[in-house]
Protein chains: 2
Amino acid sequence: MPKPEIHTMEELSAAIGVSRPTLSRYFQDPAKVSRSSVERIRRGLEKVDYTPNFFATRMNRKTTGMIGVIIPYLNDLFFTRLLESIERAAMKAGYTVITQCSHSDPEIEKRAAETFLSMSVDGAIVAPLGNHSDMRVYERLNARLPFVLMDSRPKPLTDVDFVGTDHVQSTGVITEYLCRVGSPPIFLAMPRVNFNALERENAYVAKMELLGFEPVVIGAEVVRQEWHFEAHGLAVLNDQFSKGRLLESSILCANDRVAIGALRAAAQHGLEPGALRRGGLRIAGHDDYPLCPYTTPALTTVAQNVAAIGQAAVDRLLEKCSAEKQSGNHAITLMDGVLKIRESA
Amino acid sequence: MPKPEIHTMEELSAAIGVSRPTLSRYFQDPAKVSRSSVERIRRGLEKVDYTPNFFATRMNRKTTGMIGVIIPYLNDLFFTRLLESIERAAMKAGYTVITQCSHSDPEIEKRAAETFLSMSVDGAIVAPLGNHSDMRVYERLNARLPFVLMDSRPKPLTDVDFVGTDHVQSTGVITEYLCRVGSPPIFLAMPRVNFNALERENAYVAKMELLGFEPVVIGAEVVRQEWHFEAHGLAVLNDQFSKGRLLESSILCANDRVAIGALRAAAQHGLEPGALRRGGLRIAGHDDYPLCPYTTPALTTVAQNVAAIGQAAVDRLLEKCSAEKQSGNHAITLMDGVLKIRESA
DNA sequence: GATTAATATTGACGCATGTAAAAAGCGTCT
DNA sequence: AGACGCTTTTTACATGCGTCAATATTAATC
């Protein structure tokens, strides 16, 4: 059934005998039009093939109904889960999400920000690339739009809203658990791709000192692997294990993907990390990556409350959108992590 | 340095003393403007803060420079890798990618398609949701835009370009390998969320019959878990193992995520699947999920050529975009899978 | 220095819609 | 019948830029 294609509201108006402004009001909100007209329009639309022109509609409204989201990396289930929760929250609020991935390239991140400005999105949520990023990009967005940073917080930036996990708390919880149940953990760092890397490392050190243990950090110097976290964890521990070191240690990995690499290293050396064996090898992670329950052994970790972070980011953004003018106060929302005790530690 | 904000080309024209049409040409292609003007404009732009309005620019051009991509599911590294390769290919060609995720909901998928039509994207690439999808959505897109289907191909649709893996070849290769090196494999199906599920199943059956073995398919009836593939694999094999069945079988899983669940089930029952133990338990997958090298044991699988699929989809789409009119011939591009022999089978 | 070609500017119109004000239609109540 | 309120239509203008034709300016050529 090839319905006749109609390209403008003008034509549509002629086709179904309703004035164009009425159609305009109908497409924005059918409730703004009388019952009888709604009926007439609805019946008319069934007979033709028409979609309002997105650009033309958005150009004149003060609001575009779009929010822009930038994430640094797609091939990471943590970010995809974050993105999913943002999309759900935004959809519920009637907003369209435009996602751009910076592919761990500051240039692309910058371009994405320009795209958002040029599309006059109502607001932007950004999970920063990390230490290679151009801070001016964030400052620029923050100055011109309702803007919320997410997941990882650049220290130089103040006056910016932020939503993320309280790493002092989350890393503290698992560090404390490991200390309580077995030998004090060593920290296997992740490549310093973003600010969380150092935050977690520092949180570990602080907690250890508080508990009266000596913090030990390994794997912080290697930066070759960038976002290849599993390879990083595997390489560092393979090196250690083959020198006969750390064979009976507790190892807290900076994130679960590093930990998955660590588990692999253990397996290759015939080691079986486990919670039950006091004094033996233990491996723990951070984030609660979706695959944690399926590794062997299942990975003990701290869950980030991804759903809450995404929801809070959207909530805060929309709050700023509806505020008359840029209010001066900036909020920092930190979510607690939840310990997930499984088998590996 | 808070540069003065300028919102229209008109203002910009007044600010730097160059006519508006010249600015328009400059922003489309600086080469269309004389050297001296380029210099003047460039210097002027450094002193003010201006970004052309995306909607206004795109509204009048015949081409928007955008391509729309729909994927069914975000929390799956296969799709994110596909998406990444598409984004890279599109970026190289100077196109902006607008991604929408259907979150395994036909309604959202439909809405995403409408969004693309309304934004008049130059073309659309869609990885179909699956058997719940409304085929008319694809037909509609195909009728009105340069359109390419990707990854999974709905049988009812003809006259549509498609790019994906040749599952007869890929599944055939690993089936043949498993038969050659050990006992003929059983097929652990995945939930029938898309058309690949059945294609692989059929390819397995055909190959087995060709080799003179009896095909056995399990796990096809369970549909509760939908996209929770790992949970599906785990549940089905836990059930089998605890009944003492399949303990020494070769098991070909419909995809790697199912296989990861299968590995977990094996571990829980103290089983160690492995390539070297003829006659013992073996587990293999399909796709070469990025985590395959890090599972214990490392998962033997068939790699889909994700990069090639993404590139081919974009190539084909742009080819259709530049073609004067809709040419009648439709291409089906199938990529070969590559066997990745690791430890598990 | 005059001629020619290339480039720039001006002005005008178009794109598909939002939006506001005024006029017209309709039903209800007195 | 007339006044009132609600909805719709009419009319007109606005949005920010693409694009074209005509004209003005500049540069290059001889």
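Letters A, B, ... mirror the listed sequences (proteins, then strands); counts begin at 1. Since the structure is predicted, the reported quantities are computational estimates derived from the model, not experimental observations. Side-chain atoms are counted along with the backbone in the values below, which use heavy atoms only and exclude waters and symmetry mates.
Closest approach to the B:Thr22 side chain among C:dT9, C:dA16, C:dG18 is made by C:dT9 (side chain taken as heavy atoms from C-beta onward). Closest to the side chain of B:Ala56, from the set C:dA20, C:dG18, D:dC17, is D:dC17. With distances taken from any side-chain atom of B:Gln28 to the nucleotides D:dG18, C:dT17, C:dG18, the minimum falls on D:dG18. Nearest nucleotide to the A:Asn60 side chain, out of D:dT19, D:dT10, D:dA14: D:dA14.
One can place CG of A:Asn53 at 16 Å from P of D:dC17, the figure rounded to the nearest angstrom. Straight-line distance from the CD1 atom of A:Ile16 to the P atom of D:dT9: 10 Å, rounded to whole Å. The separation between B:Arg61 atom CZ and D:dC17 atom C1' is 9 Å, rounded to whole Å. Going from atom CZ of B:Arg58 over to atom C1' of C:dC15 covers 15 Å, rounded to whole Å. Atom CG in B:Leu23 sits roughly 18 Å away from atom P in C:dT7 (whole-Å rounding). When rounded to the nearest whole Å, the span between NZ of B:Lys32 and P of C:dA6 equals 17 Å. As a whole-Å value, the separation of A:Leu12 CG from C:dT17 P is 9 Å. Protein atom CE of B:Met59 is 11 Å distant from nucleotide atom P of D:dC17, rounded to whole Å.
Proximity of A:Lys62 to the phosphate of C:dT19: a side-chain N or O atom is located under 4.0 Å from OP1 or OP2. A sub-4.0 Å separation between OP1 or OP2 of C:dT17 and a side-chain N or O of A:Tyr50 is present. Taking only side-chain nitrogens and oxygens, B:Ser24 comes nearer than 4.0 Å to OP1 or OP2 of D:dG18. Under 4.0 angstrom from either OP1 or OP2 of C:dA16 there lies no side-chain N or O belonging to A:Thr8.
Not a single donor-acceptor contact under 3.5 angstrom links the side-chain atoms of B:Arg20 to the base of D:dG16.
Within 4.0 Å (heavy atoms only), B:Ser37 reaches sugar-phosphate atoms of the nucleic acid but no base atom. B:Pro52 comes within 4.0 angstrom of sugar-phosphate atoms only, judged by non-hydrogen atoms across all strands, and of no base. Residue contacts for B:Met9: at a heavy-atom cut-off of 4.0 Å it reaches the sugar-phosphate backbone alone, with no base atom in range.
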Acceptor/donor pairs from residues 35-45 of chain B side chains to any protein atom, 3.5 angstrom cut, sequence neighbours excluded:
| unit_1 | atom_1 | unit_2 | atom_2 | d |
| --- | --- | --- | --- | --- |
| B:Ser36 | OG | B:Ser34 | OG | 3.3 |
| B:Ser37 | OG | B:Ser34 | OG | 3.2 |
| B:Arg40 | NH2 | B:Gly17 | O | 2.6 |

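Geometrically, A:Arg153 engages A:Phe162 in a cation-pi contact, judged by NZ or CZ lying under 6.0 Å from the ring centre and within 45° of the ring axis.
Taking CG of A:Asn305 as the reference point, atom CD of A:Gln311 lies at 10.5 Å (rounded to 0.5 Å).
Note on A:Arg136 versus A:Glu139: no salt bridge recorded, every NZ/NE/NH1/NH2 to OD/OE distance being 4.0 Å or above.
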Exercise for the section: Could you walk me through whether A:Phe27 and A:Tyr50 pass ring-ring contact (aromatic ring centres under 6.0 Å, His included), step by step? Expected result: CA-CA 12 Å; A:Phe27 282 113; A:Tyr50 169 74; 5.6 Å; yes
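A:Thr22 and A:Ser19 share a donor-acceptor pair across their side chains, judged by distance under 3.5 Å alone.
Along DNA chain C, the nucleotide nearest to A:His7 and the one nearest to B:Pro21 differ in position, and the one closer to the 5' end is contacted by B:Pro21.
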